[in-house]
Amino acid sequence: MKFKIKNLGEFYLNSPTSLKSILPEIKKLKKEIPVGFKYQEELIDWHYTFNSSSEKEVELEPIFSSDLNSLEYLRHTASHILAQAVKELFPSAKLGIGPAIEDGFYYDIYYEQPFKEEDLINIEKRMKKIVERNLPLERKEISKEEALELFKNLGEDFKLELIKELPEEKVTIYSQGDFVDLCKGPHLLSTGQVKAFKLLSVSGAYWRGKENNPMLWRIYGTAFFSEEELKNYLKRLEEIKKRDHRKLGKELELFTIEEDIGPGLVVWLPKGALIRKLIEDFWKEVHLQRGYQLVYTPHIALRDLWKISGHLDFYIENMFPSMELESKAYQLKPMNCPFHIYVYNQKRRSYRELPLRFCELGTVYRFERSGVLHGLLRVRGFTQDDAHIFCREDQLEEELTRVLDLVIYFLKLFGFNEYKIFISTRPEKFVGSPEIWDRAELALKKALENKNLNYEIDPGEGVFYGPKIDLKIKDVLGRFWQCSTIQVDFNIPQRFNLVYVGEDNQFYRPIMIHRALLGSLERFLGVLIENYAGAFPFWLAPIQLKILSLTDRNIPYGEKVAEKFKKEGFRVETDFRNEKLNYKIKIAQQEKVPYMVIVGDKEEIQNTISVRTRKGEVLNSLKLEDFLSQLKKENKPYLSDESL
RNA sequence: GCCGGCGUAGCUCAAUUGGCAGAGCAUGGGAUUUGUAAUCCCAAGGUUGAGGGUUCAAGCCCCUCCGCCGGCUCCA
């Protein structure tokens with residue numbers, strides 16, 4: 001068998017042995033030794049054995065430690081080392097699964113007692129010893145029967161369950177020293193290659209994520225090829241902690257969630273409310289410009305409305321319970337769509353009127369289980385930047401394209417230029433005909449292609465009423481957040497018997513698009529706080545300027561300056577307290593005010609101002625008029641691409 | 001909801017084996033009149049998340065509940 005390895009040359013193997021056999025030859029090349037290989041889009045390791053001679057020539061792409069894929073090998077091996085360490089320290093522990101994940105790895109392990117933070121320290125120490133032992137890994141293919149026998153003897157009940165469900169006749173196992181695990185790989189050559197790792201946390205996790213299954217302990221960790229990368233990652237975790245919107249929200253007095261008011265219910269404090277107002281005003285303005293019509297609808301409605309819409313059938317576990325009043329049942333709304341249906345149904349609609357686009361910043365209430373609430377990102381009452389578009393089928397693609405255009409316009413405005421986009425297609429249980437689903441899915445794809453956007457398909461993950469596009473935005477720290485969603489709905493127009501009159505005077509059913517661009521204002525602001533680290537751009541800063549007086553003598557001049565800014569519509573605060581300038585700067589800096597305007601005797605005499613930016617730049621003796629005209633230019637939503 | 005951890009002044013955090021609840025910041029008063037990230041002094045501030053129990057004595061130990069944090073699951 002011939003192996004062609006990109007940039008490394010050609011190698012030969014006669015009998016079916018693992019790739020390790022060619023390792024000595026590669027070592028002779030005195031080049032970096034690959035971590036593993038990519039073979040037909042799959043990651044394989046040195047332990048991999050090509051068993052048939054039918055493939056005479058095999059092309060392999062080497063994967064080096066600089067390649068992102070290499071982390072999969074490292075972390076997967078790290079998770080085995082973790083499992084081995086736990087088994088050595090706690091022999092009665094039973095192993096669940098232990099994959100490599102985005103930022104590290106975990107292993108789910110059953111044990112009679114919970115693992116504590118101190119246990120993690122000991123486990124980590126034992127892991128270091130296993131790394132020092134530099135145990136070579138071995139891969140073996142065995143039959144299912146053999147595997148069942150092996151793991152039965154080891155008492156690994158969870159592994160038995162996994163093996164029974166595997167479709168293949170043969171399964172692979174990896175071993176290192178005395179430790180054996182069911183695993184399809186890929187792995188490193190030996191445990192000694194795991195250089196920099198750290199265990200991070202432990203928490204409960206149901207076996208296979210199912211609530212009636214037993215709970216295992218999930219130990220999380222991360223691993224890198226160098227100490228430096230590990231250090232950088234830990235630094236990033238610190239940075240994430242510093243930017244936590246719950247912490248900044250308190251420090252900057254943006255919002256509060258009070259035990260006495262209720263879990264998951266947000267109170268916007270004046271500064272946070274102001275940011276929200278600025279975004280809302282802009283949002284409304286843009287929507288009106290783009291052919292949407294603004295509506296307002298109530299927060300509760302008769303419960304029967306939700307019977308017609310189908311929410312009581314498929315959404316009830318997310319709804320607050322009903323309220324009885326004068327023998328009528330009312331329901332707090334979990335969604336805005338039924339209300340917009342009635343806006344549509346105010347009169348007989350003609351094909352000429354379509355598309356109709358109704359938008360609303362609609363506050364909805366959804367019951368979320370107590371354990372999942374999280375700051376602004378997961379709440380029980382939130383305001384969607386919602387809209388429902390009613391259109392003809394032949395308008396679907398164009399409408400979807402317009403929505404995408406709008407969503408990207410908004411996201412760019414806030415500096416989000418990278419996205420992950422997913423199309424969710426027809427699930428097993430669905431309404432409407434397969435044909436109309438196919439046409440809608442095609443419309444979604446075409447709309448994305450019209451905007452030159454890459455996407456992935458989530459097969460079968462659509463809601464039962466129609467396919468959808470979900471958009472995840474990437475923030476400055478490289479994290480992804482789901483905000484925007486665009487959903488096609490064949491169900492609700494039918495349930496409410498929506499029609500329009502066509503050119504031929506017949507009745508037709510419109511298609512409805514649900515869409516939220518920012519998602520919910522609560523979540524979006526939470527993401528924004530973290531993205532900006534609380535330092536909002538000038539147009540959104542709750543306090544744009546702070547006037548700092550040097551001494552009490554300068555207060556009247558300071559007041560005059562403040563008035564001029566206020567007259568131009570800027571948001572100004574003054575700090576005329578009898579304190580040192582340093583102190584006032586420190587405070588303004590903590591408040592993340594974009595510009596500190598300093599007035600002292602010198603400025604007063606020259607009739608100027610001195611400005612310090614929150615980045616620390618100092619501009620002395622500016623003419624007020626010059627600074628004002630600069631600010632006027634800056635006081636607009638930021639657009640990275642003016643052509644949008 | 002489940003598992004583990006946590007809950008002390010407005011905020012951030014101390015309080016040894018169970019032995020008089022304390023500091024910094026913020027707040028109020030006073031002194032000082034200040035030049036680019038914290039001037040000094042004084043004062044006030046608490047039913048230690050709530051309720052119950054053990055004890056001569058509970059912030060600390062036990063039970064129940066509430067909330068928060070990290071996960072599981074779900075999603076805007």
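Values reported hereafter were calculated over all heavy atoms of this structure, with side chains retained and with hydrogens, waters and symmetry mates removed. Residue numbers start from 1 in every chain, and the chains themselves are labelled A, B, ... in the order their sequence lines are given, proteins ahead of strands.
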Using a cut-off of less than 4.0 Å, is there contact between a side-chain N or O of [X] and OP1 or OP2 of [N]?
X	N	result
A:R366	B:C75	no
A:Y220	B:C72	yes
A:Y583	B:A26	yes
A:N582	B:A37	yes

The side chain of [X] is closest to which nucleotide in this list: [options]?
X	options	value
A:M215	B:A38, B:C2, B:C66	B:C2
A:R553	B:U33, B:C11, B:A76	B:U33
A:T551	B:U33, B:U12, B:U39	B:U33
A:P263	B:U36, B:C68, B:A38	B:C68
A:R246	B:A76, B:G35, B:C69	B:C69
A:R612	B:G1, B:U27, B:U36	B:U36
A:H374	B:G70, B:G1, B:C74	B:G70
A:W217	B:G4, B:G35, B:G67	B:G4
A:S610	B:U39, B:U36, B:C75	B:U36
A:N620	B:C68, B:G70, B:G35	B:G35

Taking 4.0 angstrom as the limit, do [X] and [Y] come out as a salt bridge?
X	Y	value
A:R208	A:E165	yes
A:K420	A:E456	no
A:K235	A:E238	no
A:R369	A:E317	no
A:R515	A:D386	no

Please report the distance separating the [atom1] of [N] from the corresponding atom of [M], rounded so that it comes out in whole Å.
N	M	atom1	result
B:G19	B:C60	P	11 Å
B:C40	B:A58	P	40 Å
B:A38	B:G46	C1'	27 Å
B:G49	B:C13	P	15 Å
B:G52	B:A14	C1'	28 Å
B:G4	B:U64	P	12 Å
B:A44	B:G29	P	15 Å
B:A50	B:G7	P	13 Å

Taking any heavy-atom pair under 4.0 Å as a contact, classify [X]: base, sugar-phosphate, or nothing.
X	value
A:E117	nothing
A:G519	sugar-phosphate
A:R523	base
A:K602	base
A:G209	sugar-phosphate
A:N213	nothing
A:E522	nothing
A:V202	nothing
A:D385	nothing
A:E603	base

Measure [atom1]/[X] against [atom2]/[N] and give the value in whole Å, please.
X	N	atom1	atom2	result
A:R369	B:C75	CZ	C1'	12 Å
A:E258	B:G49	CD	P	16 Å
A:N318	B:A76	CG	P	9 Å
A:E112	B:G4	CD	P	14 Å
A:L216	B:C72	CG	C1'	10 Å
A:D108	B:G4	CG	P	16 Å
A:K584	B:G35	NZ	P	11 Å
A:L200	B:G5	CG	C1'	16 Å

Q | pi-stack flag for A:F382 and B:A76, centroid dist under 5.5 Å, interplanar under 30° | A |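 Base of B:A76: stacked against A:F382.
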Q: For the residue pair A:W207 and A:E161, confirm or rule out a side-chain donor-acceptor distance under 3.5 Å.
A: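 A pair is found: one side chain offers a donor N or O, the other an acceptor, under 3.5 Å apart.
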Q) Does a donor on one side chain sit under 3.5 Å from an acceptor on the other, for A:D103 and A:T222? A)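 There is no such pair (donor and acceptor under 3.5 Å, judged by atom type) between the side chains of A:D103 and A:T222.
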Q | Ring center gap for A:Y111 and A:F90 short of 6.0 angstrom | A |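 Yes.
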Q: Indicate, with yes or no, if the rings of A:Y220 and A:F105 have centres closer together than 6.0 Å.
A: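 Ring centres of A:F105 and A:Y220 not closer than 6.0 Å.
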Pairing check on [N]: which nucleotide meets the Watson-Crick or G-U wobble criteria with it, both distances under 3.5 Å?
N	result
B:G35	none
B:C72	B:G1
B:C65	B:G49
B:C11	B:G24

Counting distance alone, no hydrogens or angles: does the base of [N] have a donor or acceptor under 3.5 Å from a partner atom on the side chain of [X]?
X	N	value
A:Q589	B:A38	no
A:E253	B:G10	no
A:R208	B:C72	no
A:D552	B:U33	yes
A:Y206	B:G1	yes

**Q.** Given RNA chain B, 5'-ward residue of the pair A:Q384 and A:S203, judged by closest heavy atom
**A.**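 It is A:S203 whose nearest nucleotide is closer to the 5' end.
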Q: Between A:I585 and A:K468, name the one whose nearest nucleotide on RNA chain B is closer to the 5' end.
A: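 The residue mapped nearer the 5' terminus is A:I585.
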(Q) I want to check something: taking the side chain as every heavy atom from C-beta on, are A:V379 and A:F382 in contact at a cut-off of under 4.5 Å? (A)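 A side-chain contact exists here, since the closest heavy-atom pair is under 4.5 Å.
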